[in-house]
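Taking it in order: structure first as structure tokens, then the write-up.
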Amino acid sequence: MRENVGGSLFRSHTGKPVRVGSFTMIQPSLCIFCGRDFSQIEPFLKAMNCKYLFDADRVLVYDDPWEAANLDALRPYHISHIYQGPLDPHLQIKPGMVAVMCDAHAPMYDVPGAFVMPVTPREMAYVLTAGELWIRLPQTIGVELPEPLPKQIGPWDAAEAIASHLTENQSVEIFGDGADALNADQRRELAYRLSEYKIHSCFFTDGHSRGRMTAVDAIEPVLYKNGVRTEFEKEMNTPIDRVQIGSIGLADEEDFRTAAEAFAGRSVHPQVKCFITPGSRAVYRQALQNGDVQKLVKAGVLILPPTERKLPTGTETVLSTSWSETGYTASVYTAVESAAAGVLKEAEHD
């Protein structure tokens, strides 16, 4: 690892040298929040007697699922950029932007050349009112992934290995041949998983010109039970009733590709219900064109309508690829192995 390499990345946005740990003022190019978060932001706006936003054109609101009450609350503030459905960061966040987002998962929105920072509802209200925010530049740790991830190792497993070298509120710069081999969906998933460890922000850079640092290797599959890390050996062969595939309960194109590949030549065990939910209609259409939907249906996987979340009953033993404080959480490969076996089973890996 190497420390503080991200200072130069942030300096390009502020236009002046900034020391790690020091305070600096930023003027965000874009303020992003979900419609349902506005109920937490608006009380602070009212407390500051804010009737007009500093620049309504810099504000982007999305809502998924959409609720009419959220739109009614936003109407007095004359916000024009309102989107029904999930946020696609690559359409709205451009290189060179500094964006603030009222979402702890802001680090997952990896847009090359942009800085996306999570803020609290109170901080968002201040930015909306004043157009600026004072922040403390986080310490940035450089982590090299020297080799592409083995086929059975997913971004969740890599995040666990990387996070073991970090502390809360640090930023991480990920580089190396392993980072270069990750596609856009895998990078987004890795950044999202790191945000669960309260990592401040995540960059993917080339990094080769800055010298070789301590590498993160020997990545192993990880398993969580009721939100707590546990060992596969202790939980092996536990009967599984339900398997849910998809980040935050909703699958992206990478989830479909990975699951279809892992299910090749196998099918869901008769005692298991296996669900996958497309994150959007676009994801579903692409998975259909790629043939992934057909392969999964043939294997016995149930494809739910886009964005529908099917909650388990209280008596089911659930294995999910999304972070959960109930049941088991693991990678897509482990989920497929377990769905096919009918019991918790670790994916074989190199």
Side-chain angles (χ1 to χ4, degrees), residues 1-6 104-105 107-108 110 138-208 210-236 247-248 252 254-255 258 262 319-324 328-338 344-350:
M1 297 188 298
R2 62 165 176 268
E3 299 186 3
N4 304 341
V5 293
H105 299 133
M108 73 180 283
D110 171 50
Q139 182 187 43
T140 302
I141 304 296
V143 175
E144 181 181 17
L145 296 179
E147 301 290 341
L149 299 181
K151 185 174 66 172
Q152 294 82 3
I153 298 294
W156 179 283
D157 307 310
E160 167 77 12
I162 292 171
S164 66
H165 295 276
L166 307 173
T167 59
E168 290 186 7
N169 297 318
Q170 288 182 325
S171 290
V172 59
E173 178 195 24
I174 303 174
F175 61 99
D177 292 343
D180 294 342
L182 297 175
N183 62 35
D185 286 339
Q186 290 172 319
R187 289 185 174 200
R188 184 169 61 249
E189 177 76 2
L190 176 54
Y192 167 72
R193 300 303 185 188
L194 285 171
S195 71
E196 296 289 354
Y197 295 95
K198 302 188 184 303
I199 301 305
H200 185 280
S201 53
C202 178
F203 303 96
F204 291 90
T205 63
D206 118 3
H208 293 295
R210 298 173 187 169
R212 182 177 178 82
M213 313 311 301
T214 301
V216 173
D217 50 16
I219 300 174
E220 299 289 334
V222 295
L223 177 71
Y224 285 81
K225 181 180 181 181
N226 300 330
V228 179
R229 173 76 183 272
T230 187
E231 299 299 328
F232 270 101
E233 290 74 14
K234 296 179 180 179
E235 307 297 333
M236 279 290 222
S247 175
I248 331 177
D252 56 24
E254 181 64 21
D255 291 325
T258 302
L319 171 61
S320 173
T321 62
S322 298
W323 180 265
S324 175
Y328 295 98
T329 306
S331 69
V332 174
Y333 285 105
T334 296
V336 170
E337 289 281 349
S338 302
L344 187 63
K345 185 177 180 181
E346 181 181 359
E348 296 181 1
H349 60 282
D350 299 332

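- Of all heavy-atom pairs between E346 and P221, the closest is OE2-CG, 3.7 Å.
- Distance check: L344 CG to E337 CD gives 11.0 Å after rounding to the nearest 0.5 Å.
- One N or O on the side chain of D157 and one on the backbone of V222 form a donor-acceptor pair closer than 3.5 Å.
- The distance from atom OG1 of T329 to atom CG of N226, rounded to the nearest 0.5 Å, is 8.5 Å.
- Under the 4.5 Å side-chain criterion, counting only non-hydrogen atoms from C-beta, V336 is not in contact with T258.
- Using modelled atom types, one side-chain atom of S338 and one backbone atom of K345 make a donor-acceptor pair closer than 3.5 Å.
- Scanning all heavy atoms of the two residues, the minimum distance from R229 to Y224 falls at N-CD2, 3.3 Å.
- L145 CG to L190 CG: the interatomic distance, rounded to the nearest 0.5 Å, is 7.5 Å.
- Shortest non-hydrogen contact noted between T334 and L319 is O-CD2, 4.0 Å.
- Contact between A330 and L223 at its shortest, heavy atoms only, is CB-CD1, 4.0 Å.
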